[in-house]
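Here the structure is a predicted model, which means the values were calculated and not measured.
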Amino acid sequence: MTAEPEVLGELRRLRARLPQLTGALAASVDGLVLAQETSTIEAEGVAALTAAALGVAQRLTDATGQGDFRELLVRGADGYVATYAAGGSAVLTLLAEPRINVGRLHLEARRSSARIGELVDSALTRRDP
């Protein structure tokens, strides 16, 4: 995909704005890694799990009448995993320390996911005439 360098740049800028992030991953909705900015996780496995969680989250929002999927936040004992819709073809998954300001996480991630969505959707439009 021609958007990969730009997506990676967006992930790096996001991590610079949020120092409490321990990882960032952009993936296709079917679980393929598009770009990653982390060395602490196995990106392919996380992308596949993200796709599975996305499917459940989409079904849950649909079944409860909450509209289209936007984001999912999981809090563990050692931090957060947050997934955001990024256009129609991608998702942004972030790993964060437990001390992160969750409001700021959402604010910055929503901006970045919108940008990543634009990049990926635009690249797909150029690829598929």
Trainee: Please report the shortest heavy-atom distance between Ala109 and Leu92, naming the atom on each side.
Mentor: O-CD2, 3.8 Å
Trainee: If hydrophobic clusters are built by linking Ile, Leu, Val, Met, Phe, Trp and Tyr wherever their side-chain heavy atoms come under 4.5 Å apart, do Leu95 and Leu73 end up in the same one?
Mentor: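 Per the 4.5 Å side-chain linkage, Leu95 and Leu73 are not co-clustered.
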Trainee: Is there a donor-acceptor contact under 3.5 Å from the side chain of Asp121 to the main chain of Gly88?
Mentor: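 The answer is yes, because a donor-acceptor pair under 3.5 Å joins these two groups.
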Trainee: Of all the heavy-atom pairs spanning Asp30 and Ala51, show the shortest one and how long it is.
Mentor: C-CB, 3.8 Å
Trainee: What do the steps show when you test Tyr84 against Leu94 for side-chain contact (heavy atoms from CB on, under 4.5 Å), and what is the final call?
Mentor: CA-CA 9 Å; Tyr84 300 85; Leu94 304 174; 4.1 Å; yes
Trainee: Provide the closest heavy-atom pair for Leu72 versus Ala53 in the form atom of the first, atom of the second, distance.
Mentor: CD2-CB, 4.0 Å
Trainee: With sequence neighbours excluded, tell me which residues meet salt bridge (charged side-chain N to carboxylate O under 4.0 Å, His left out) with Arg13.
Mentor: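 Only Glu10 meet the salt bridge (charged side-chain N to carboxylate O under 4.0 Å, His left out) criterion with Arg13.
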Trainee: Check the pair Arg104 / Arg17 against side-chain contact (heavy atoms from CB on, under 4.5 Å), numbers first and verdict last.
Mentor: CA-CA 10 Å; Arg104 177 114 191 267; Arg17 292 190 308 269; 4.2 Å; yes
Trainee: Grouping I, L, V, M, F, W and Y whenever their side-chain heavy atoms are under 4.5 Å apart, do Leu119 and Leu32 come out in a common cluster?
Mentor: no
Trainee: Would Leu25 end up clustered with Leu8 when hydrophobic side chains under 4.5 Å apart are linked, directly or stepwise?
Mentor: no
Trainee: If you look at every heavy atom in Gly31 and Ala47, which pair is closest and at what distance?
Mentor: O-CB, 3.3 Å
Trainee: Give the cluster check for Leu11 versus Val46: same hydrophobic cluster or not, with ILVMFWY residues linked at side-chain heavy-atom distances below 4.5 Å.
Mentor: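 Each belongs to a different hydrophobic cluster.
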Trainee: Begin with the C-alpha distance, continue with both residues' side-chain angles, and end with the deciding distance and a verdict on side chain to side chain donor-acceptor pair (under 3.5 Å) for Thr38 and Arg15.
Mentor: CA-CA 10 Å; Thr38 182; Arg15 287 199 66 191; 5.0 Å; no
Trainee: For the pair Arg111 (side chain) and His106 (backbone), establish whether a donor and an acceptor sit closer than 3.5 Å, ignoring hydrogens and angles.
Mentor: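 No.
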Trainee: Please lay out, stage by stage, how Val74 and Tyr80 fare under the test side-chain contact (heavy atoms from CB on, under 4.5 Å).
Mentor: CA-CA 6 Å; Val74 178; Tyr80 294 90; over 6 Å; no
Trainee: Can you get from Val120 to Val91 by hopping between Ile, Leu, Val, Met, Phe, Trp and Tyr side chains that sit under 4.5 Å apart?
Mentor: no
Trainee: Ignoring hydrogens, what is the shortest heavy-atom contact between Ala26 and Ile116? Give both atom names and the distance.
Mentor: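 For Ala26 versus Ile116, the nearest heavy atoms are CB-CG2, 4.4 Å.
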Trainee: Evaluate Leu105 against Leu21 for side-chain contact (heavy atoms from CB on, under 4.5 Å), listing each step before the verdict.
Mentor: CA-CA 9 Å; Leu105 170 69; Leu21 288 182; 3.9 Å; yes
Trainee: Glu44: which residues meet the salt bridge (charged side-chain N to carboxylate O under 4.0 Å, His left out) condition with it, sequence neighbours left out?
Mentor: none
Trainee: For the backbone of Gly45 and the side chain of Glu42, can you confirm whether one donor and one acceptor N or O come within less than 3.5 Å of each other?
Mentor: yes
Trainee: Sub-3.5 Å donor-acceptor pair from the side chain of Thr61 to the main-chain atoms of Gly67, do we have one?
Mentor: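 Yes.
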Trainee: Is the closest basic N to carboxylate O distance between Glu71 and Arg110 below 4.0 Å?
Mentor: yes
Trainee: If the condition is side-chain hydrogen bond (donor to acceptor under 3.5 Å, both in side chains), which residues does Arg70 pass it with, not counting sequence neighbours?
Mentor: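 None.
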